[in-house]
Amino acid sequence: MGTKKGLKQNDATDLPVDINDSAQLQGLSVRLLAYATRRAKVKRWWLGGAGALAKGKMAEDVACEAILSLFGGPRRWEQTSQPDPWLHVKSVVNSILSNLVRAKENRVSNRDVEDDAASTQSTPESEMIAAEGEVWLEKRRALAHSLLQDEILAADDGTLLSLHDLIVRDDIHKPQELAQRLGTSVRDVNNLKKRFWRICRRVLDILEKEEGQTND
Amino acid sequence: MTRRDKENREDVLALLEDIADHDQTPEEAQEELSGEGVNVSSFLAKIQQGINQQRKDERLAWRREAQKNVEAFMRSQDVSARFATMSRAQLEAEAQKYAIGLHFKNLEGQTDEDLRTLLADRARLEELSKK
């Protein structure tokens, strides 16, 4: 890791990271890996698998591919259309993860189709299995939400609860808008999200562990 | 599953994705990754290796392209006969067409033979670019 100078984007100078400065590039890479790891964790929960994403790609591969796109390759960074390398690499991570999730979902649904074809048409058994699958998905969602709410209540933090409500009930996602509604700054919203993430991570870890035990 | 059930599930997904999207310093990110058991040094080494490889690939691609152009030039028709019988005045008049080109400056310092070679090469390149 390099020095603090240049590693933290924008705070001091409002300038984007200089990718030709190795210390700044390392800082960007580490921040991106943390971001990709968080997003991959959420996607894994969504897919209901405790292991790797589709094509065996892990967060590190995704982050690596995104960083390399700053220097060339098919998703090459176009500095004229996106001057900030951080925003570029984040969008590459999001795009790769979405494609992997789609690939995994398609693989599952294709297998379902093949299975259906092999067993002629839908039978009472296959319908029952499909219905059970939906019930299971709904239970997972409800359990995740319930665990999240428990943890927020245990934290006894009114601002966290307000942030939760603004996102889930009022469908507000932009940091500026959240800051305005909470009567605080964007920086404070960011810090609030960091605290909230620690709760989410605990919940996702519990769910992953439980699913692992169920699969065993 | 009802539409509302699906929406509820997606609400939780949107919440988690929103919360996962926050800015950190590299130090905070490193601490978080260490807590997850991620080997950051190995990741950074992999990045450096990837960048080196990509730079090497680009240099090789450039050399391959240059080699391809040389081979295409060698295969093109030699047109030096077109300029072989031209007088000095005719050669200079021909060279004036390319006055902005680097090699066609200071004509007085070039021999007739140099000018013939330059013009013949230029003509071959023009033929190649038309293909």
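Order of the sequence lines sets the chain letters (A, B, ...), proteins ahead of strands, with each chain counted from 1. Heavy-atom basis, side chains included; hydrogens, waters and symmetry copies ignored.
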request  = Verify the distance criterion only: is there a donor paired with an acceptor across the side chains of A:Arg39 and A:Tyr35 at less than 3.5 Å?
outcome  = yes
ask   = With distance as the sole criterion, is a donor-acceptor pair present between the side chains of B:Thr111 and B:Arg116 under 3.5 Å?
value =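 Side-chain D/A pair, B:Thr111 to B:Arg116: absent.
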Is any side-chain N of the basic residue among [X] and [Y] closer than 4.0 Å to the acidic one's carboxylate O?
X        : Y       : value
B:Lys97  : B:Glu92 : no
A:Arg201 : B:Glu36 : yes
B:Arg55  : B:Glu58 : no
A:Lys193 : B:Asp21 : no

Contacting region of [X] [heavy-atom separation from chain A under 4.5 Å]:
X       : value
B:Glu28 : side chain
B:Ile47 : both
B:Gln54 : side chain

key: Top contributor to chain B interface from A:Leu32, A:Val189, A:Leu33 [non-hydrogen pairs under 4.5 Å]   =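 Option with the top pair count is A:Leu33.
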message = Looking only at heavy atoms and a cut-off of under 4.5 Å, which of A:Leu204, A:Asp205, A:Val42, A:Leu68 has the most pairs with chain B?
response = A:Leu68
task = For A:Asp188 and A:Ser185, run side-chain contact (heavy atoms from CB on, under 4.5 Å): C-alpha distance rounded to whole Å, both residues' side-chain angles, the deciding distance at 0.1 Å, then the answer.
result = CA-CA 5 Å; A:Asp188 284 341; A:Ser185 65; 3.4 Å; yes
note = Residues of residues 171-178 of chain A with a heavy atom under 4.5 Å from any heavy atom of chain B, in residue-number order, are A:Ile172, A:His173
note = The interface call for A:Thr37 against chain B, heavy-atom contacts under 4.5 Å, is side chain
message = Looking at every non-hydrogen atom in both residues, tell me the closest pair between B:Gln77 and B:Arg124 and how far apart they are.
response =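 Closest approach of B:Gln77 to B:Arg124: O-CG, 3.2 Å.
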Name each donor-acceptor pair under 3.5 Å that joins a side chain in residues 162-169 of chain A to protein atoms two or more places apart or in another chain, with its distance.
| unit_1 | atom_1 | unit_2 | atom_2 | d |
| --- | --- | --- | --- | --- |
| A:Ser162 | OG | A:Gly158 | O | 2.9 |
| A:His164 | NE2 | A:His145 | NE2 | 3.1 |

